[in-house]
Amino acid sequence: MGESGRVTAIEFDGGLAVRLWANFAGLPNVRALPGDGAQIAFDPADVIYVNAGATRPADIWLDRLNDGGRLILPLTSDKGFGENPENIPIQRRGAVFGIKRSGGEFLAKWISAVAIFPCKGARDAESERALAAAFERGGWERVTRLYRHGDLPDEQCWLKGRDWALAYA
């Protein structure tokens, strides 16, 4: 019998976390934790799937991503939330990015547009403003890298935060 994979689910809503834990109680390779997924400690992972819109990648998600691992990350502004997604242009919704760790670097690629609920604990006003401005400018489909610093030339960046950036090279 080979080694089976492990799944750790982190749920912000305590009631949903209890239901999740109860539904998977018979599976020893599944853990359900209540808490803020952008703050709570978890084991290093090959795949991290964020199922809510953040304004920036949480440090713990990048720190816990194994070499070669992938982070699926919806980045959203607060413009257009709660409206019919088909009627909202991408710059008022958000975009899902695939982030792949390669040693100390993070390759990034736009996957799709998204309209999704906000991720509690992974939103801040400064990143929200930078993200909304980047969506207005366009160019998300050309992003190739995520940097954990913001000291890049403006012309190289699609989105430039204080301590992170999504860039073209």
Side-chain angles (χ1 to χ4, degrees), residues 8-13 33-83 85 88-169:
T8 301
I10 303 170
E11 174 54 52
F12 194 86
D13 181 295
L33 304 173
D36 182 345
Q39 301 291 324
I40 195 168
F42 57 90
D43 292 336
D46 292 324
V47 176
I48 299 172
Y49 174 67
V50 179
N51 194 27
T55 57
R56 61 170 293 140
D59 286 336
I60 197 163
W61 300 336
L62 299 173
D63 292 343
R64 300 295 168 103
L65 196 59
N66 285 332
D67 190 26
R70 296 177 188 274
L71 166 64
I72 307 301
L73 177 63
L75 291 174
T76 60
S77 69
D78 64 359
K79 294 182 176 184
F81 180 71
E83 298 177 35
I88 306 169
I90 189 170
Q91 60 267 33
R92 291 191 51 225
R93 289 185 283 174
V96 178
F97 286 89
I99 311 295
K100 181 178 180 183
R101 184 175 196 147
S102 180
E105 294 186 353
F106 295 88
L107 306 176
K109 181 176 171 110
W110 174 76
I111 296 174
S112 70
V114 68
I116 194 168
F117 52 88
C119 184
K120 299 233 186 233
R123 301 188 72 82
D124 67 76
E126 182 180 335
S127 294
E128 159 65 36
R129 284 188 298 276
L131 188 57
F135 280 129
E136 287 294 326
R137 280 191 309 278
W140 52 82
E141 68 282 352
R142 297 188 339 259
V143 169
T144 62
R145 302 262 180 177
L146 180 143
Y147 290 95
R148 296 186 79 176
H149 55 84
D151 58 350
L152 298 165
D154 289 342
E155 61 274 5
Q156 187 179 340
C157 297
W158 174 67
L159 183 155
K160 185 173 174 180
R162 182 180 67 248
D163 57 355
W164 73 287
L166 283 171
Y168 303 120

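No hydrogens, no waters, no symmetry mates; every other heavy atom, side chains included, goes into these values.
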Self-check item: Straight-line distance of Leu159 CG to Arg137 CZ, nearest 0.5 Å
Solution: 7.0 Å
Quiz item: Counting only N and O atoms by type, is there a donor-acceptor contact under 3.5 Å from the side chain of Glu126 to the main-chain atoms of Gly161?
Solution: no
Quiz prompt | Exercise: do Thr76 and Arg123 side chains pair donor with acceptor under 3.5 Å | solution = yes
Quiz item: For Val114 and Val96, which heavy atoms make the closest approach, and how far apart are they?
Solution: CB-CG2, 3.6 Å
Quiz item: Between Asp13 and Glu11, which heavy-atom pair has the shortest distance, and what is it?
Solution: N-OE2, 3.0 Å
Self-check item: Carboxylate-amine/guanidinium contact Asp154 Lys160, below 4.0 Å
Solution: yes
Quiz prompt | Pi-cation contact, Phe106 with Arg101 (under 6.0 Å, within 45°) | solution = no
Exercise. Over all heavy atoms of both residues, which pair between Ile111 and Gly98 is shortest? Give the atoms and the distance, please.
Key: CD1-N, 3.5 Å
Quiz item: With a 4.5 Å heavy-atom cut-off, do Trp164 and Leu62 have their side chains touching?
Solution: no
Quiz item: When rounded to the nearest 0.5 angstrom, what distance separates CG in Leu107 from CZ in Arg70?
Solution: 9.0 Å
Quiz item: Salt-bridged, Asp163 to Arg56, with N to O below 4.0 Å?
Solution: yes
Exercise. Find out whether Glu128 and Ser77 are in side-chain contact, i.e. whether some heavy atom of one side chain is under 4.5 Å from a heavy atom of the other.
Key: yes
Quiz item: Do the non-hydrogen side-chain atoms of Trp110 and Val143 ever get within less than 4.5 Å of each other?
Solution: no
Exercise. Identify the two heavy atoms, one from Asp124 and one from Thr55, that lie closest to each other, and give their separation to 0.1 Å.
Key: N-OG1, 3.0 Å
Exercise. Specify the closest pair of heavy atoms between Ala38 and Gly121, including all atoms of both residues, with the distance to one decimal.
Key: CB-O, 3.4 Å
Quiz item: Residues in salt bridge (charged side-chain N to carboxylate O under 4.0 Å, His left out) with Glu141, at least two apart?
Solution: none
Quiz item: Rounded to the nearest 0.5 Å, what separation is found between the CZ atom of Phe97 and the CG atom of Leu146?
Solution: 9.5 Å
Quiz item: Which atom pair, heavy atoms only, marks the closest approach of Pro74 to Ile116?
Solution: CB-CG2, 4.2 Å
Quiz item: With under 30° as parallel and over 60° as perpendicular, where do the rings of Trp158 and Phe135 fit, or are they tilted in between?
Solution: perpendicular
Self-check item: Nearest-0.5 Å distance, CD1 of residue Ile72 to CD1 of residue Ile48
Solution: 10.5 Å
Quiz item: Is there side-chain contact between Ile60 and Phe42, with at least one heavy-atom pair below 4.5 Å?
Solution: yes
Quiz item: What pairs with Asp59 under salt bridge (charged side-chain N to carboxylate O under 4.0 Å, His left out), at least two apart in sequence or on another chain?
Solution: Arg148
Quiz prompt | Gap separating the CG atom of Leu75 from the CD1 atom of Ile99, nearest 0.5 angstrom | solution = 7.5 Å
Quiz prompt | Gap between atom CZ of Arg162 and atom CG of Asp151 - 0.5 Å precision | solution = 13.0 Å
Quiz item: Do Leu33 and Ile40 come within less than 4.5 Å of each other through their side chains, counting heavy atoms only?
Solution: yes
